[in-house]
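To start, the structure under review is shown below, and the notes come after it.
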Protein chains: 2
Amino acid sequence: MLQYKELESDKYKDLNEARDLIINAMAETMDLYGLTTSTGRLYATMFFLGEPMTLDQMAGALGMSKTSMSNTARTLLEKKVVDKVWQKGVRKDLYQAEEDFFKTFAEFFCHGWRREMEVNLKAINKAEPIIKELSESDDEEVKKVANSDLEKLDNAKRYYLWLERLVESVESGEIYKYIPKPKRKE
Amino acid sequence: MLQYKELESDKYKDLNEARDLIINAMAETMDLYGLTTSTGRLYATMFFLGEPMTLDQMAGALGMSKTSMSNTARTLLEKKVVDKVWQKGVRKDLYQAEEDFFKTFAEFFCHGWRREMEVNLKAINKAEPIIKELSESDDEEVKKVANSDLEKLDNAKRYYLWLERLVESVESGEIYKYIPKPKRKE
DNA sequence: TAATTTATACAGTTCAAACTGTACAAATTA
DNA sequence: TAATTTGTACAGTTTGAACTGTATAAATTA
């Protein structure tokens with residue numbers, strides 16, 4: 001199939017310009033996913049190429065050092081938006097962009113939401129018994145504040161319970177029963 | 001009601017320690033929302049206080065400069081997780097944390113998702129006609145690559161259409177029909 | 001075995017963001 | 001009016017993140 005080098009040919013000039021419009025837009029919005037512009041640009045570049053890419057190709061395409069590409073590629077790998085692939089006879093590492101946005105959506109947000117739940121629930125479970133004890137204090141002031149805190153914690157837990165359900169529904173695909181994927185053309 | 005100063009009294013020592021466990025956890029996970037740890041810590045502090053807070057109180061509570069608090073409070077205001085409130089006879093600006101996590105969830109993600117849609121769809125609408133034209137090129141190679149790009153763009157648009165529906169459903173509260181909020185105790 | 005290729009660890013540089021203190025403008029009080 | 005209070009603009013400092021080039025480890029080839 002198409003080798004990366006060919007895209008540098010002059011006849012792809014217009015196509016590359018059109019692609020760059022979108023690559024820049026994608027790179028710009030990737031901050032929502034905790035990625036830098038550079039990292040976003042690499043992903044978008046790989047997304048359009050559609051083929052596995054080596055670190056050297058990436059360095060050439062973005063005009064950056066191979067060391068940078070090694071780090072950036074690892075970031076994308078950790079975020080699960082690219083895969084490391086293997087090809088017979090190719091000694092270099094190959095990375096390929098995940099092209100299914102529904103999948104990357106699920107990976108990204110579920111991972112983040114789950115981390116949020118875990119970290120915060122862990123802290124709540126540590127703090128709650130202490131506050132519960134204080135809510136039985138003899139000091140009326142302390143009691144009042146502790147009870148108000150307990151209510152806040154209950155609300156937080158209620159929210160995380162809901163978030164858990166949301167994550168499950170996104171990961172299982174149940175969400176698409178409620179909010180269906182638009183049909184493909186034809 | 002409870003004035004901030006009182007919380008510095010020794011009898012609230014245990015309570016403050018318990019709160020700090022959660023404040024630190026919340027501050028740590030706020031990076032998911034594009035906020036720094038400091039910004040997250042301020043929000044969490046205000047969340048627990050439950051009362052409107054002045055810049056001076058914030059500076060005292062976090063041991064940071066008033067200038068920092070002014071900037072950080074503005075950030076929280078822009079992210080819509082705190083409100084500027086007014087109290088009779090109080091000359092200072094007052095900020096109060098939004099305590100409804102469901103609301104902040106909706107604000108945060110819908111805002112982000114909408115920005116992503118807008119920026120990317122704008123770029124797609126600019127690039128697509130160019131690529132469409134190239135897909136009718138005489139050069140078979142160019143044609144092939146252009147057509148592959150068009151398919152990618154269609155998939156992207158399909159995804160953004162879905163995201164739009166998701167945003168609508170979160171903003172309208174329709175989502176809670178499918179994934180209900182857990183019931184409050186009692 | 002030695003020679004070559006590839007990825008990455010590491011050290012150094014550059015740049016941007018976070019924070020501070022000062023100075024000032026706007027509003028309030030006297 | 002002048003004196004005081006409050007929030008923020010601005011300039012300077014510090015810190016950390018992104019990136020580069022070099023050196024090295026690991027793997028492959030000869």
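Numbered from 1 within each chain, the chains take letters A, B, ... in sequence-line order.
Heavy-atom neighbours of B:K103 NZ from other residues, nucleotides or ligands within 6.0 Å: at or below the threshold of 12.
For D:dG7, neither phosphate oxygen OP1 nor OP2 lies less than 4.0 angstrom from any side-chain nitrogen or oxygen of B:S70.
Side-chain to base pairing of A:T67 with D:dG21: one donor and one acceptor N or O lie within less than 3.5 Å of each other.
Atom CG of A:L42 and atom P of D:dC19 are 10 Å apart (whole Å). Protein atom CE of A:M58 is 18 Å distant from nucleotide atom P of D:dA18, rounded to whole Å. In this structure, CG of B:D93 is placed 7 Å from C1' of D:dG7, rounded to the nearest angstrom. As rounded to whole Å, 11 Å separates atom P of D:dG7 from atom CD of B:Q57. The nearest whole Å value for the distance from the CG atom in B:D56 to the C1' atom in D:dG7 is 10 Å.
For the segment residues 25-40 of chain B, the set of residues with a heavy atom within less than 4.0 Å of an atom of DNA chain C comprises B:T36, B:S38, in numerical order. Within residues 78-91 of chain B, the residues having any heavy atom closer than 4.0 Å to DNA chain C are, in order of number, B:R91.
Residues B:K92 and A:M64 each lie close to DNA chain D; by heavy-atom proximity, the contact nearer the 5' end of the strand is made by B:K92.
Residues satisfying the salt bridge (Lys or Arg N to Asp or Glu O under 4.0 Å) criterion with A:K126, sequence neighbours excluded, are absent altogether. Not counting sequence neighbours, the partners of B:E116 by the side chain to side chain donor-acceptor pair (under 3.5 Å) test are A:Y33. In this structure, the side chain to side chain donor-acceptor pair (under 3.5 Å) partners of A:E128, at least two apart in sequence or on a different chain, are A:K157. Residues satisfying the side chain to side chain donor-acceptor pair (under 3.5 Å) criterion with A:S70, sequence neighbours excluded, are absent altogether. Every residue meeting the side chain to side chain donor-acceptor pair (under 3.5 Å) condition with B:N120, not counting sequence neighbours, appears here in chain and number order: A:T29, B:Y160.
Listed here is the closest heavy atom pair of A:S38 and A:M64: OG-CE, 4.3 Å.
Note that the first and last nucleotides of DNA chain C, 5' to 3', having any atom under 4.0 angstrom from a heavy atom of chain A are C:dT5 to C:dC10.
Sorted by first and then second residue, the pairs that involve residues 162-171 of chain A and meet side chain to side chain donor-acceptor pair (under 3.5 Å), not counting sequence neighbours, are A:R114-A:E171. Sorted by first then second residue, the salt bridge (Lys or Arg N to Asp or Glu O under 4.0 Å) pairs that include residues 28-50 of chain A, not counting sequence neighbours, are A:D31-B:R115.
Across all strands shown, B:N71 has no heavy atoms under 4.0 Å from either base or sugar-phosphate atoms.
In the hydrophobic clustering, where aliphatic and aromatic side chains (Ile, Leu, Val, Met, Phe, Trp, Tyr) are joined below 4.5 Å either directly or transitively, A:V119 stands alone. Members clustered with A:V90: A:V85, A:L94, by chain and number, using a 4.5 Å side-chain heavy-atom cutoff among hydrophobic residues.
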